[in-house]
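Read the structure below first, then the notes.
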Number of protein chains: 2
Amino acid sequence: MTVPSGPVSATTETERLMFEFVDAYERAFEAAAKEHGLSPAHACVLGRLDSVRGMGELSDELGCDASNVTQIVARLEARELAVRQANPDDRRFRQIQRTTAGDAVYAAFEESFDFPRRAVANLTTKEQRQLATLLGKSLAVKERGA
Amino acid sequence: MTVPSGPVSATTETERLMFEFVDAYERAFEAAAKEHGLSPAHACVLGRLDSVRGMGELSDELGCDASNVTQIVARLEARELAVRQANPDDRRFRQIQRTTAGDAVYAAFEESFDFPRRAVANLTTKEQRQLATLLGKSLAVKERGA
DNA sequence: TATTGTTATACTCTATAACTATA
DNA sequence: TATAGTTATAGAGTATAACAATA
């Protein structure tokens, strides 16, 4: 189990609940991945392979180094959950995709990772819309610089 | 940068925003820790040392193995950010606490980790209360078993 | 003997730097 | 020469199992 991101001496109840939510989400993700023999990183990459992807694309989205993605994908390939093929138009590029087995494992993982579904299910339709609006508004923080 | 927990093919906008929020929170935590030469795990443990703590207490709260905490605390001690002392009443127990230097580093980290503060600042007081209520309600998922 | 914590070990995640293959 | 990706390597996080110290 990865140690949680926090707590910081939360000054408000809202901040405390943000941390609790993030912590619960992460723990649930990790536990669901483990159920299917996946590390969080493997589950994450597998989830991005809904369509054919390039290595650079993946490392950009994941915000991590390309060499890291190479290793994760190499393991997925070794387990026959994904394959890498050179792009015939420019053989420097690789095309990564899930195998049928990868599809099955990922579907099973998603079934296990019920935290977001259950969290939403605890709310009325109106509350779900409210929560989405508030989260979106709070995330505007990202745009404000720093 | 740790790879994000997701995405899972989010079926609703609310679920998608939950992931985005968690992802942004984690990235901000990791970046703030790095600014002060801390790993996320170090920042996390340091944050728990606001008062004197035991090793078992820490591993319980962190949801990870005791041997893991031993290593993290050993590094904090090597950097003179924390100290371990045997409890004189029962020398099997250790009392972990931050040093003055540890206090300073953690305070600086908290100053840098402004994501929750800024997220809250994007909301009105009423919206903050609403968000806290909705997050709390969605987290009831934890109590429902599984 | 039971409990607290540590050490030894192994595996994964991650990044940096050097490298290969392709263009 | 420039770009996409890989390999070599090293450091940190994590868990399991064996261990030491204390009770």
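Per chain, numbering begins at 1; letters A, B, ... match sequence-line order.
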### Task
Rounded off to whole Å, could you give me the CD-to-P distance for the B:E30 and D:dA12 pair?
15 Å
### Query
Does B:L81 reach the side chain of B:L38, with side-chain heavy atoms less than 4.5 Å apart?
yes
### Heavy-atom side-chain proximity of B:D65 to B:S59 below 4.5 angstrom
no
#### Entry: Lys/Arg-Asp/Glu bridge criterion (N-O < 4.0 Å) met for A:R27, A:E30
no
### Summary
Nearest-nucleotide check on DNA chain C, B:T70 vs A:H42; residue mapping nearer the 5' end is B:T70
### Task
Just call it for B:V69: base, sugar-phosphate, or nothing, with non-hydrogen atoms closer than 4.0 Å on any strand.
nothing
### Message
Below 4.0 angstrom, which residues in residues 79-94 of chain A have at least one non-hydrogen atom near DNA chain D?
### Response
A:R84, A:R92, A:F93, A:R94
### Task
Starting from P on D:dT6, measure out to CD1 on A:I96 and report it in whole angstrom.
7 Å
#### Entry: Residue whose nearest DNA chain C nucleotide is more 5′ - A:S39 or B:G54
B:G54
### Message
Please report the distance, rounded to the nearest Å, between CE in B:M55 and P in D:dA21.
### Response
17 Å
### Message
Taking the nucleotide of DNA chain D with the nearest heavy atom to each, does A:G56 or A:V3 sit closer to the 5' end?
### Response
A:G56
## Note on the structure
side chain to side chain contact (heavy atoms under 4.5 Å, CB included) with B:L134: of A:L123, A:L17, A:N122, only one passes, and it is A:L123
### Query
Can you find a pair of side-chain heavy atoms, one from A:C64 and one from A:V69, that are under 4.5 Å apart?
yes
### Message
Rounded to whole Å, how long is the line connecting atom CG of B:L76 with atom C1' of D:dG13?
### Response
13 Å
### Query
Would you call A:E20 and B:L135 a side-chain contact if the rule is heavy atoms closer than 4.5 Å?
no
Protein-nucleotides 8-11 of chain C N/O pairs under 3.5 Å:
none

### Task
Would you tell me whether B:Q128 and A:T14 have side-chain atoms, one donor and one acceptor, within less than 3.5 Å of each other?
no
### Task
Evaluate the criterion ring-ring contact (aromatic ring centres under 6.0 Å, His included) for residue pair A:F21 and A:F115; output intermediate values, then yes/no.
CA-CA 10 Å; A:F21 186 85; A:F115 178 88; 5.5 Å; yes
### Query
Whole Å only: how far is the CG atom of B:D65 from the P atom of C:dT6?
12 Å
### Interatomic distance where NZ belongs to A:K34 and C1' belongs to C:dC13 [whole Å]
16 Å
## Note on the structure
note: B:I72, atom CD1; C:dT7, atom C1'; distance rounded to Å ~ 16 Å
### Query
Could you give all pairs that pass the side chain to side chain donor-acceptor pair (under 3.5 Å) test and reach residues 70-81 of chain A, with sequence neighbours left out?
A:E77-A:R84
### OP1 or OP2 of C:dA15 under 4.0 Å from side-chain N/O of A:N68
yes
### Query
Between atom CD in B:E57 and atom P in C:dT3, what is the gap in whole Å?
18 Å
